[in-house]
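Here is the structure we will look at.
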Amino acid sequence: MAERGAHLTTASTEDRPSIFEVLAQDSLMGAVRPALQHAVKVLAESNPSRYGFLWRWFDEIYAALDLLLQHHFLSRTSASFSENFYSLKRVVASGHGRPAHLGLHRRQHWRSLILLALVPYLRAKLEKFLARQRDEDDFSIQLPQSACRRMYRAFLAAYPFVSMAWEGWVFCQQLLYIFGKTSRHSPLLWLAGVRLVHLTAQDIRNMDLKPSELSSGRSKSVGQKFQQLLSTAMGGVALSLSTSLSLGVFFLQFLEWWYSSENQSTIKSLTSLPTPPPPLHLDQDRITSTANKFCPLCHKVRANDTALATSGYVFCYRCIYVYVKAHQQCPLTGYPTELQHLIKIYAPEG
C-alpha cells in the first residue's frame, strides 16, 4: 500500500512538485489577506479618524501592493511570492524552462500578473457588491420588475452555481494532477499557459547574485539606466513587503486561527458575562420624552426608530439607511458599519 500511494507525496518527474507543495503555496496567500484585513479592521475601530480610510479602501490598497509584489517576483524569480516561498517557478507549458532570474516571457508574465492580482480583486469586489445588493433587497420594498431588474435577479440566482462550477473545475484539476494526468493543478495556470517546476541549483545561485553582477560588461543607454533605477526602487519596495510577509506569515496564520468563528465562539462561551434580566418596570415618561426622540441626522422627531449595532445611536430609518449605504460608517462615531447593522426598535405596547 505504501508503494501504491507514494506518488501522492512525491513527484512523478524530477522537477514536478507534489500535490502538497502546490496546495501549500496556494493556501499561503489565502491566509495572508484575511489576517491583514482583520488587523486593519482593529486599527480602524480603534481610531476611525486616522485609520478609517485603510478599512474603506482596503481592497484597493491590498490589490496595489499585491500587484507590485507579484510583478517583482515574476520578473526576478519567474514565480509568484508564494511559489517562490516554496522554491517553485513557472515555465512555459509547451517548452523547457529558462533560468528563473530572467523572468517569464512577456505574454506569460502579464497573463500571470492579471490572474494573480487583478482577478482576485475583481472577484472580491463582485462578491461584496452582490452581498450588499442582497441586503438592500431584504430592506427595500419590492416594486414591479423591469427587464433589467429581472436580468439582475437572474444573475444573482446564477452566480452561486457559477462559483460552484468553478470550484468543481479546480477540484477535478487537482485530482487529475494527483494521478499524473495533467501537469497543472489549477485552471489559473492553464489560463496563464504555464506550469510549476522546482527551482534548480543554478536558478538559486543566479537569484542570489545582484542584477548588476549578472549584466556586468554590457553598455547601457541613459533610458536603460533610468529603467534599471526605477526597477531597483520598485524591487526594493517589493522586497521589503516580501521580507515582512515571510517573517510574519506564521503570525498571520495564527491570527487567522485566533479570530476564526470556531475559536471565537469558544472564547465567548468561556469569558462572556451572564445576560442581565429585563427591567421590571418601564419609565414610560422618560422613554417617550421628546428630548430623547430627535434624530442626530435630520434633527427632527424620529420616525421609524432604528439603532446602529456598531455604536448604539438611534436614528430615523430613512436617514441612517441612506447615510450607511453611501458612507459605510456611523455618522457620529465613524465606526465601520453595513446595512445589516441596522436594528429596528419597537416601542412598548401601551
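Since the model is a prediction, treat every value here as computed from it, not as a measurement. Basis for what follows: all heavy atoms, side chains included, without hydrogens, waters or symmetry-related copies.
- Nearest heavy-atom pair across Ser311 and Cys330 is OG-SG, 3.2 Å.
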His185/Gln173 under side-chain contact (heavy atoms from CB on, under 4.5 Å): CA gap, chis, key distance, verdict: CA-CA 5 Å; His185 75 286; Gln173 192 82 6; 5.5 Å; no
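- In the displayed structure, Trp169 atom CH2 is contacted under 6.0 Å by more than 12 heavy atoms of other residues, nucleotides or ligands.
- At distances below 3.5 Å, not a single donor-acceptor pair connects side-chain atoms of Glu45 with backbone N or O atoms of Pro336.
- Arg205 and Gln202 share a donor-acceptor pair across their side chains, judged by distance under 3.5 Å alone.
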Worked verdict on His109 versus Ser75 for side-chain contact (heavy atoms from CB on, under 4.5 Å): CA-CA 8 Å; His109 176 91; Ser75 302; 3.3 Å; yes
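- By the rule that hydrophobic residues join a cluster once side-chain heavy atoms approach within less than 4.5 Å of another member, Ile61 and Tyr121 end up as members of separate clusters.
- In this structure, Glu60 pairs ionically with Lys125, as a charged nitrogen and a carboxylate oxygen lie closer than 4.0 Å.
- A side-chain hydrogen bond (donor to acceptor under 3.5 Å, both in side chains) with Lys344 holds for exactly one of Asn304, Thr306, Asp305; it is Asn304.
- We find the CG-OG distance between Leu196 and Ser78 to be 11.5 Å, quoted to the nearest 0.5 Å.
- Side-chain atoms of Val197 and Leu88, non-hydrogen and from C-beta on, never get closer than 4.5 Å to each other.
- Side chains of Phe161 and Met164 form a contact here, defined as non-hydrogen atoms less than 4.5 Å apart.
- You'll find the side chain of Leu297 reaches within 4.5 Å of the side chain of Pro331, heavy atoms only.
- A continuous path of hydrophobic side-chain contacts links Tyr86 to Ile178 [ILVMFWY only; heavy atoms under 4.5 Å].
- When side chains are defined from C-beta on, Ser80 does not count as touching Phe73, because their heavy atoms never get closer than 4.5 Å.
- To the nearest 0.5 angstrom, Phe294 atom CZ is 11.5 Å from Lys300 atom NZ.
- Heavy atoms of other residues, nucleotides or ligands lying less than 6.0 angstrom from OH of Tyr313 number 12 at most.
- Panel note: side chain His341, backbone Glu338; a donor-acceptor pair is recorded below 3.5 Å.
- For the pair Arg111 and Ala192, the tightest heavy-atom approach, listed with the atom from each and the gap, is CD-O, 3.8 Å.
- There is no path of hydrophobic side-chain contacts, each under 4.5 Å, that joins Val314 to Leu308.
- The pair Asp59-Lys128 meets the salt-bridge criterion, since a charged nitrogen lies less than 4.0 angstrom from a carboxylate oxygen.
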side-chain contact (heavy atoms from CB on, under 4.5 Å) between Val162 and Trp166, intermediate numbers included: CA-CA 6 Å; Val162 175; Trp166 171 260; 5.8 Å; no
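- With contacts defined as side-chain heavy-atom distances shorter than 4.5 Å, the pair Arg33/Tyr62 qualifies.
- Note that the CZ atom of Arg302 and the CD1 atom of Ile320 stand 12.0 Å from one another [nearest 0.5 Å].
- Contact check for Pro187 versus Val170: side-chain heavy atoms found under the 4.5 Å cut-off.
- In the hydrophobic cluster analysis, where Ile, Leu, Val, Met, Phe, Trp and Tyr join through side-chain heavy atoms closer than 4.5 angstrom, Ile114 is grouped apart from Leu122.
- Tyr323 and Leu332 fall within a single hydrophobic cluster, where Ile, Leu, Val, Met, Phe, Trp and Tyr side chains are chained together by heavy-atom contacts under 4.5 Å.
- Between Tyr51 and Leu43, the shortest heavy-atom distance links the atoms CD1-O, 3.6 Å.
- Residues Arg90 and Ser112 meet the side-chain proximity criterion, which asks for heavy atoms closer than 4.5 Å.
- From Tyr335, atom OH reaches atom NZ of Lys41 across 13.0 Å, with rounding to the nearest 0.5 Å.
- Put simply, CG on Asn84 and CD on Gln25 are 11.0 Å apart, with the number rounded to the nearest 0.5 Å.
- Rounded to the nearest 0.5 Å, atoms CZ (Phe179) and CD1 (Ile19) are 10.5 Å apart.
- When atom types are taken as modelled, the side chain of Gln70 and the backbone of Phe81 share a donor-acceptor pair closer than 3.5 angstrom.
- Under a cutoff of 6.0 Å and an axis angle of 45°, Arg195 and Tyr177 do not form a cation-pi pair.
- Closest of all the heavy-atom pairs between Leu115 and Leu188 is CD1-O, 3.3 Å.
- Heavy atoms only, all atoms of each residue included: Lys89 and Leu199 are closest at CB-CD2, 3.6 Å.
- Between Leu116 and Leu74, the closest side-chain pair of non-hydrogen atoms falls below 4.5 Å.
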